[in-house]
Enquirer: 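I am attaching a structure below and will ask some questions about it afterwards.
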Amino acid sequence: MAKSGKRDYALTGRASARTIAAPPLPYRPRDPKRYRPRIALIGCGGITESHLSAYSRAGYSVVALCDLLRERAEQRRRQFYPKAQVYTDYHDVLARDDIDVVDIATHPEQRLPIIRDALLAAKHVLSQKPFVVDLSAGRRLVELARRQKVKLAVNQNGRWAPYFAYMRQAIARGLIGRVISVHLSAHWDHNWIAGTPFEKVRHIILYDFAIHWFDALSTFITDRAPKRVYASFTRSPGQQARPALLGQALIEYPDAQATLVFDGDVRLGQEYRNFIAGTQGVLASGGRKLGTQQVMLHTARGIARPKLVGNWFNDGFHGTMAELLCAIEEDREPANSAENNLRSLELCFAAVAAAETGRPQVPGKIRRPPGVERADRADKADNG
């Protein structure tokens with residue numbers, strides 16, 4: 001009771017806990033012990049500068065670069081791998097017996113037949129995100145990879161952002177108990193897409209951008225399947241880009257809940273925050289930069305603030321390929337497998353459909369999200 005005799009409704013919680021040492025967790029990318037395959041990159045667009053920069057620093061052997069525009073592939077060769085061969089036809093790349101792993105970084109509508117052909121050529125594949133725009137097509141590719149006895153992984157590079165990776169490891173170790181809520185938010189300026197091809201993507205936020213956060217969520221809550229997804233999107237009155245830059249989603253789980261909030265028209269004071277509550281503790285991170293954030297782990301023992309090293313760019317791109325190579329060497333499924341990523345896409349597609357219809361959606365029921373480009377019809381031929 002306060003001195004005035006009135007109840008204190010400040011909701012301040014317990015007094016500050018003592019500071020404790022942060023538990024060491026394996027959040028950094030881990031390279032294979034001995035496996036050093038020859039790698040090919042198909043598609044040499046803007047984002048592949050991050051791919052190749054990460055591979056070069058890791059000492060990976062990229063021997064082939066392929067793009068419909070030869071100059072783009074040659075530019076990447078000059079930048080990173082001067083001894084790599086350049087191609088304009090991906091079939092010529094897949095015909096090389098000395099190439100074991102293919103990184104496919106084309107646009108989604110072009111990617112599907114290339115993935116299929118790479119699997120049929122017995123190549124291990126790392127697919128750029130979003131993996132597919134049709135869950136049924138994705139499932140067929142997963143089954144094809146299984147029949148071909150090769151690994152199929154997805155470049156969900158956000159998993160290896162240091163803060164997301166540390167929090168994921170803390171949850172997996174049981175440090176906060178059973179997860180009961182996840183709240184992720186991003187407040188930034190996405191108007192850079194004005195005048196670019198990205199303006200043609202109707203759901204640039206919930207589909208193209210938020211896929212990283214849906215994917216992170218799917219790795220934080222792994223013991224329960226989501227029940228329903230509610231979502232909305234709208235334009236900001238002052239935004240410069242054409243598609244709506246404001247989006248949000250609420251996900252229901254048995255005994256848990258999650259929210260994702262995206263404000264893509266914040267010109268000043270940009271901020272990113274993540275809060276995960278468990279039955280035995282809390283994880284939180286935040287900061288003004290997307291690549292690096294301060295993490296806090298609060299348990300009954302006290303509060304730990306690990307000093308994380310690294311950055312989303314390029315640890316994320318190193319991490320996705322490294323995990324695939326380790327999985328090949330250890331003969332197991334990669335943590336970022338295509339099958340695992342389908343769970344993330346189920347959340348994302350349900351959110352897009354919920355935003356379009358104004359009604360909650362069940363993850364997995366929406367096989368192809370409305371307002372998103374359709375998968376190439378060639379996917380019907382991937383029965384081989």
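Note that these values count all heavy atoms, side chains included, but never hydrogens, waters or copies made by symmetry. Count residues from 1 along the sequence.
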Enquirer: For the hydrophobic clusters of this structure (ILVMFWY residues joined by side-chain heavy atoms under 4.5 Å, transitively), does one cluster hold both Leu141 and Val102?
Expert: yes
Enquirer: Is the CZ atom of Arg178 crowded by more than 12 outside heavy atoms at less than 6.0 Å?
Expert: yes
Enquirer: Do Lys151 side-chain atoms and Asp331 backbone N/O form a donor-acceptor pair below 3.5 Å?
Expert: no
Enquirer: If you measure from CZ on Arg36 to OG on Ser61, what distance do you get to the nearest 0.5 Å?
Expert: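 Output value for this atom pair is 10.5 Å.
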Enquirer: Is Asp315 salt-bridged to Arg159, cutoff N-O under 4.0 Å?
Expert: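 No salt bridge links Asp315 with Arg159.
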Enquirer: Name the one of Ile104, Val125, Leu119 that satisfies side-chain contact (heavy atoms from CB on, under 4.5 Å) with Ile114?
Expert: Ile104
Enquirer: Please answer whether the main-chain N or O of Ser50 pairs with a side-chain N or O of Ser53 as donor and acceptor at a distance below 3.5 Å.
Expert: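 No: the side chain of Ser53 does not pair with the backbone of Ser50.
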Enquirer: Salt bridge or not for Glu71 and Arg78, using N-O below 4.0 Å?
Expert: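 Between Arg78 and Glu71 there is a salt bridge, with a charged N closer than 4.0 Å to a carboxylate O.
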Enquirer: Under a 4.5 Å side-chain heavy-atom rule over Ile, Leu, Val, Met, Phe, Trp and Tyr, are Val86 and Leu68 clustered together?
Expert: no
Enquirer: Which value, rounded to the nearest 0.5 Å, describes the distance between Thr48 atom OG1 and Gln79 atom CD?
Expert: 8.0 Å
Enquirer: If you define the side chain from C-beta out and look only at heavy atoms, does anything of Gln110 sit under 4.5 Å from Tyr90?
Expert: no
Enquirer: Show the atom names and distances, to 0.1 Å, of all donor-acceptor pairs under 3.5 Å that link a side chain in residues 300-312 to residues at least two apart or in another chain.
Expert:
| unit_1 | atom_1 | unit_2 | atom_2 | d |
| --- | --- | --- | --- | --- |
| Asn311 | OD1 | Phe313 | N | 3.3 |
| Trp312 | NE1 | Asn157 | OD1 | 2.8 |

Enquirer: Can you check whether Ser218's main-chain N or O pairs, donor with acceptor, with Arg343's side chain at less than 3.5 Å?
Expert: yes
Enquirer: Where is the tightest heavy-atom contact between Asp189 and Trp192, given as atom of each residue plus distance?
Expert: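 Looks like O-CD1, 3.9 Å.
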Enquirer: In this structure, would Tyr60 and Trp160 fall into the same cluster of hydrophobic residues linked by side-chain contacts under 4.5 Å?
Expert: no
Enquirer: Are Tyr253 and Leu283 connected into the same hydrophobic cluster when the rule is that any two of I, L, V, M, F, W, Y join if their side-chain heavy atoms are below 4.5 Å apart?
Expert: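 Per the 4.5 Å side-chain linkage, Leu283 and Tyr253 are co-clustered.
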Enquirer: I'd like to know if Glu323 pairs up with Arg332 as an ion pair, taking the criterion as any Lys NZ or Arg NE/NH1/NH2 lying under 4.0 Å from an Asp or Glu carboxylate oxygen.
Expert: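 Looking at Arg332 together with Glu323, the answer is yes, because their closest N to O distance falls below 4.0 Å.
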Enquirer: Hey, could you give me the CD1/CG distance between Ile115 and Leu144, rounded to the nearest 0.5 Å?
Expert: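 Nearest 0.5 Å value for the CD1-CG distance: 10.5 Å.
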Enquirer: Test His203 against every option in Phe209, Phe262, Phe198, Phe233 by the ring-ring contact (aromatic ring centres under 6.0 Å, His included) rule and name the one that passes.
Expert: Phe233
Enquirer: Measuring from atom CG of Leu245 to atom NE2 of His190, what distance do you get when rounded to the nearest 0.5 angstrom?
Expert: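 Reported to 0.5 Å precision, the distance equals 7.0 Å.
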Enquirer: In Å, rounded to the nearest 0.5 Å, how long is the span from OH of Tyr230 to OG1 of Thr259?
Expert: 14.0 Å
Enquirer: Between Gln248 and Ser232, does a side chain to side chain donor-acceptor pair (under 3.5 Å) hold up when you go through it step by step?
Expert: CA-CA 6 Å; Gln248 59 185 339; Ser232 66; 3.0 Å; yes
Enquirer: To the nearest 0.5 Å, what is the distance between OH on Tyr55 and CG on Leu41?
Expert: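 Here the rounded value is 7.0 Å.
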Enquirer: Give every donor-acceptor pair under 3.5 Å between a side-chain atom in residues 346-355 and any protein atom, sequence neighbours left out.
Expert:
none

Enquirer: Pairing donors with acceptors under 3.5 angstrom, does anything connect the side chains of Thr320 and Asn336?
Expert: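 No.
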Enquirer: Aromatic rings Trp213 and Phe164: how do their planes relate, parallel, tilted or perpendicular, breaks at 30° and 60°?
Expert: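 Taking Phe164 first and then Trp213, their aromatic rings stand perpendicular (interplane angle over 60°).
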Enquirer: Between Arg224 and Asp255 (salt bridge meaning N to carboxylate O under 4.0 Å), is one present in this structure?
Expert: no
Enquirer: Taking a hydrophobic cluster as the set of Ile, Leu, Val, Met, Phe, Trp and Tyr residues connected by side-chain heavy atoms closer than 4.5 Å, whether directly or through intermediates, do Leu217 and Ile366 fall within one such cluster?
Expert: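 The answer is yes; both residues are in one hydrophobic cluster.
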Enquirer: Say whether, by atom type as modelled, one donor and one acceptor occur between the side chain of Arg111 and the main chain of Thr106 under 3.5 angstrom.
Expert: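 Looks like yes, one N/O pair under 3.5 Å.
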Enquirer: Between Glu330 and Arg30, is the closest basic N to carboxylate O distance under 4.0 Å?
Expert: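 Between Glu330 and Arg30 there is a salt bridge, with a charged N closer than 4.0 Å to a carboxylate O.
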Enquirer: Might you confirm whether atom CG of Asp223 has over 12 heavy atoms from other residues, nucleotides or ligands at distances under 6.0 Å?
Expert: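 Enclosed.
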Enquirer: Side chains of Val201 and Pro243: does their closest heavy-atom pair fall under 4.5 Å?
Expert: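 The answer is no, as the side chains (C-beta and beyond) never meet within the 4.5 Å cut-off.
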